[in-house]
Amino acid sequence: MLLKAESVTKSFGPVKVLTKADMQINRGDSIGLIGVNGAGKSTFMKIFLGELKCDTGELTRNTQKIGYLPQFAESSSSYTVRNVLGRPYGHVENIKKRMLEIDVLMASGRDIDWNSVTEEYVSLEKELARSGVEDEGVLISSLGKVGLSETIMERTMDTLSGGERTKVMLARALVQAEGCDVLFLDEPTSHLDISTVEWLEDHLLETKSTVVVISHDRYFLDKVATKMTEISFGRTREYKGNYSAFIMKKMLEIQRMETEYKKYAANKRKQEEIADGLHKDQWFFSTHRTRQKMIERIDEKEKPEVSKEITVKIHAAQKSGKNVMTAKNLNVTLNGNPILEGVDLDVVKGDKIGIFGSNGAGKSTLIKALLGKIPSTGELWVAPGARIGYFSQDHDKLDLSMSAEEQILKKIGNERRGEARNLLARMLLTGDQVERPMGTLSGGERARVSLTLLLLEETNLLILDEPTNYLDIPSRHAVEEALNDYDGTMIVVTHDRYLLDSVCTKMWEVKDKKINAFNGTYSQMRGRPNTSEIVMDADEYRVLSPFTNWSVNRKFSKGERVLIAPAEMKSYEWAIEHGKLKRTGGKQRKKVNVDDE
């Protein structure tokens with residue numbers, strides 16, 4: 001056991017963030033820490049790091065060798081890349097910190113073992129001198145691994161792009177991982193392109209360090225996590241397995257809790273009715289008091305807490321013709337630099353196209369050219385009946401000096417204030433969130449305002465640039481469901497591989513100024529031979545009587561809940577036909593393996 005938190009609580013003023021948080025981190029663990037935005041994930045991580053103190057609870061720390069990648073990359077003009085790579089958990093910093101501690105100890109005049117202290121100090125001096133040379137090689141190597149040149153070493157962080165700053169912080173995590181027992185990563189995939197994220201996944205699978213990662217990237221969590229810890233309503237729950245396993249287990253747990261709570265509530269209500277009847281009919285006896293004591297001894301069951309969910313429904317306008325958009329020999333040049341060359345594209349009605357590629361490859365440039373927002377050469381034809389809805393990752397349609405409510409009223413009219421409030425409430429924006437200037441809102445809150453504006457448009461062609469950025473996992477599910485239900489044509493730029501699998505049926509990879517097109521999902525394009533991992537809507541079934549499904553080599557117990565995706569239906573047909581399974585009407589999304597054949 002390296003680190004352990006027991007019954008940790010933390011409040012900020014009247015707001016209780018953590019009410020009973022427990023987590024044990026063992027050597028070799030790879031833990032995904034998940035929860036909605038504001039659940040307290042980063043707060044809990046900072047308590048482990050010692051940056052925050054908990055109000056109550058107990059924290060056990062058996063190691064000081066801890067690495068940390070914060071959620072927001074350093075952007076100060078005060079620090080160079082070299083400074084950041086070694087600050088504050090780096091090897092050199094730890095040596096200097098220990099030397100300072102010895103200096104203070106020696107100056108205190110206390111009774112100490114001078115020989116031992118002097119030997120340690122001399123050893124640290126030698127290690128510090130040696131580390132100056134060794135660490136230079138480690139820093140350069142780490143920058144190279146994330147695709148950065150050593151020439152940026154002396155540049156200040158404020159001169160780098162968002163993606164470059166994130167890669168520097170990622171390189172810093174690699175430097176720390178060389179000599180740490182536990183590596184904490186807070187949203188490490190933010191602003192990274194898919195190829196860098198996949199490299200990070202492979203590196204984390206090979207590292208000897210224990211890993212604790214906060215992430216909304218479900219594909220990433222499926223790849224690296226072997227244990228999930230969810231923070232919900234201030235409490236933690238642990239689940240073995242990756243994110244997909246967590247979804248299944250949580251569904252079953254909620255079902256069990258609901259069943260137990262209903263039984264408890266019905267039993268308690270029945271006993272209370274009996275006690276009331278005895279008190280009325282036999283008021284002169286104390287029988288009702290005995291019954292009341294029985295009620296008090298009934299084991300109280302916890303009622304499952306229900307999280308509010310975003311509800312999104314994007315309405316399609318009248319359908320366009322079969323051909324929606326065509327580009328032939330399309331070229332885009334910005335500031336004298338060619339970004340795209342000789343691009344040929346065809347978009348037909350009903351296409352759901354996912355665009356991905358490295359940062360700077362030209363993904364956003366492509367869709368801005370298709371929208372006519374930047375000049376291009378070659379042929380570009382857009383159907384006259386195309387009614388386009390555009391979602392920008394920069395939320396450039398928002399006036400940040402206005403409130404969310406004012407922005408919606410500007411679109412629909414001041415007399416429809418109640419409707420504006422209802423629309424924003426569907427996006428879980430209420431109270432001061434709709435009244436404050438949008439410049440004070442978080443990235444996720446601004447994204448939800450932008451989505452609200454999109455709901456108000458009648459479109460038959462959606463062009464979306466990173467629509468799930470800043471959104472937590474439940475919000476991403478809601479957006480995916482809306483895009484799956486959208487009865488129009490869609491082009492979406494995203495680094496979210498889970499979205500590419502669950503929504504898009506065609507891929508455009510932007511690479512080397514060209515477009516590589518592929519019919520199928522992202523996993524099919526990059527997946528294992530003969531099989532592909534995709535995300536599907538799965539129907540929930542209840543087991544009416546026990547049976548063994550030899551197709552999946554598993555036994556099922558009565559009352560158990562099973563998620564069955566369309567690709568798995570053949571394996572369960574016999575059980576359904578023979579009354580072993582009954583559909584409940586519930587749905588969940590799950591990742592399944594399907595044969596390419």
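All values reported here derive from a predicted model rather than from experimental measurement. When a residue number appears, it is its place in the shown sequence, counting from 1.
When atom types are taken as modelled, the side chain of Lys352 and the backbone of Tyr486 share a donor-acceptor pair closer than 3.5 angstrom. Not one N or O on the side chain of Arg497 forms a donor-acceptor pair closer than 3.5 Å with the backbone of Arg218. Using a distance-only test at 3.5 Å, with no hydrogens or angles considered, no donor-acceptor pair links the side chain of Ser358 to the main chain of Ala361. The main-chain N or O of Leu409 is never found under 3.5 Å from a side-chain atom of Arg417 such that the two would form a donor-acceptor pair. Judged by distance alone, the side chain of Arg165 and the main-chain N or O of Leu160 form a donor-acceptor pair under 3.5 Å. Counting only distance, with no hydrogens or angles, the side chain of Glu466 and the backbone of His495 share a donor-acceptor pair below 3.5 Å. Formation of a donor-acceptor pair under 3.5 Å by the Asp351 side chain with backbone atoms of Val348 is found in this model. One N or O on the side chain of Arg448 and one on the backbone of Met427 form a donor-acceptor pair closer than 3.5 Å. The main-chain N or O of Gly35 is found under 3.5 Å from a side-chain atom of Lys41 such that the two form a donor-acceptor pair. Remark: side-chain polar atoms of Arg172 are not paired, donor with acceptor, to backbone N or O of Leu69 under 3.5 angstrom.
With rounding to the nearest 0.5 angstrom, the OG1 atom of Thr584 is 8.5 Å from the CG atom of Leu563. Rounding to the nearest 0.5 Å places CD of Gln393 at 11.5 Å from OG of Ser450. Of the inter-residue distances, the one linking Ile463 atom CD1 with Leu371 atom CG reads 4.0 Å to the nearest 0.5 angstrom. Here the CZ-OH distance, from Arg446 to Tyr470, works out to 8.5 Å after rounding to the nearest 0.5 Å. Taken from CG in Leu424 to CD in Glu445, the straight-line distance is 11.5 Å, to the nearest 0.5 Å. The CG atom of Leu185 sits 12.0 Å away from the CD1 atom of Ile31 when rounded to the nearest 0.5 Å.
Across every non-hydrogen atom of Pro467 and Leu499, the tightest pair is CG-CD1, 4.5 Å. The heavy-atom pair separating Asp399 from Ser401 by the smallest distance is OD1-OG, 2.6 Å. Shortest non-hydrogen contact noted between Ser475 and Leu471 is CB-CB, 3.9 Å. The two residues Asp501 and Ser523 make their nearest non-hydrogen contact at OD2-OG, 2.6 Å. Across Val17 and Gly40, no two heavy atoms sit closer than the pair CG1-CA, 3.4 Å. Minimum interatomic distance between Thr521 and Cys504 (heavy atoms only, all atoms of both residues): CG2-O, 3.8 Å.
For the pair Glu230 and Lys249, the salt-bridge criterion is not met [side-chain N within less than 4.0 Å of a carboxylate O]. For the pair Glu435 and Arg421, the salt-bridge criterion is met [side-chain N within less than 4.0 Å of a carboxylate O]. Between Lys363 and Asp465 there is no salt bridge, since no side-chain N of the basic residue sits under 4.0 Å from a carboxylate O of the acidic one.
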Verify side chain to side chain contact (heavy atoms under 4.5 Å, CB included) between Val211 and Val224, making sure each step is shown before the conclusion.
CA-CA 9 Å; Val211 175; Val224 304; 5.9 Å; no
Would Asp346 and Thr326 count as a side-chain hydrogen bond (donor to acceptor under 3.5 Å, both in side chains) here? Give the steps.
CA-CA 5 Å; Asp346 280 304; Thr326 301; 3.3 Å; yes
Checking side chain to side chain contact (heavy atoms under 4.5 Å, CB included) for the pair Tyr390/Thr459: CA distance, chi angles, key distance, verdict?
CA-CA 9 Å; Tyr390 174 52; Thr459 66; over 6 Å; no
Stepwise side-chain hydrogen bond (donor to acceptor under 3.5 Å, both in side chains) test for Asn242 and Ser244
CA-CA 6 Å; Asn242 60 11; Ser244 292; 4.7 Å; no
Test Leu483 against Leu462 for side chain to side chain contact (heavy atoms under 4.5 Å, CB included), laying out the working first.
CA-CA 9 Å; Leu483 296 179; Leu462 286 180; 4.1 Å; yes
Passes side chain to side chain contact (heavy atoms under 4.5 Å, CB included), Tyr219 versus Glu198? Steps please.
CA-CA 10 Å; Tyr219 210 105; Glu198 290 179 339; 5.7 Å; no
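Using a 4.5 Å heavy-atom cutoff, the side chains of Val81 and Met157 are in contact. Side chains of Ile408 and Leu453 form a contact here, defined as non-hydrogen atoms less than 4.5 Å apart. The side-chain heavy atoms of Leu204 and Ser30, taken from C-beta on, include no pair separated by under 4.5 Å. Taking the side chain as every heavy atom from C-beta outward, Leu200 and Leu170 approach each other to under 4.5 Å. Counting heavy atoms from C-beta on, the side chains of His216 and Asn37 come closer than 4.5 Å. Side-chain contact between Thr159 and Ile152: absent, with no pair of heavy atoms (C-beta onward) separated by less than 4.5 Å. Contact of the Glu480 side chain with the Tyr498 side chain is registered, since non-hydrogen atoms from C-beta on lie closer than 4.5 Å. Looking at heavy atoms from C-beta onward, Leu461 lies in side-chain contact with Met325 at the 4.5 angstrom threshold.
Of the candidates Val343, Ile355, Asn516, Val510 forms a side-chain contact (heavy atoms from CB on, under 4.5 Å) with just one, namely Ile355.
Every ring-ring contact (aromatic ring centres under 6.0 Å, His included) that Phe391 has, sequence neighbours left out, goes to His395. With sequence neighbours left out, Phe246 forms a ring-ring contact (aromatic ring centres under 6.0 Å, His included) with Tyr239, Tyr243.
Heavy atoms of other residues, nucleotides or ligands lying less than 6.0 angstrom from NZ of Lys368 number 12 at most.
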Could you tabulate the donor-acceptor pairs under 3.5 Å formed by side-chain atoms of residues 328-341, not counting sequence neighbours?
from   : atom 1 : to     : atom 2 : distance (Å)
Asn331 : OD1    : Gly342 : N      : 2.9
Asn331 : ND2    : Asn329 : O      : 2.9

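Between the side chains of Asp193 and Ser195, at least one donor N or O lies within less than 3.5 Å of an accepting N or O.
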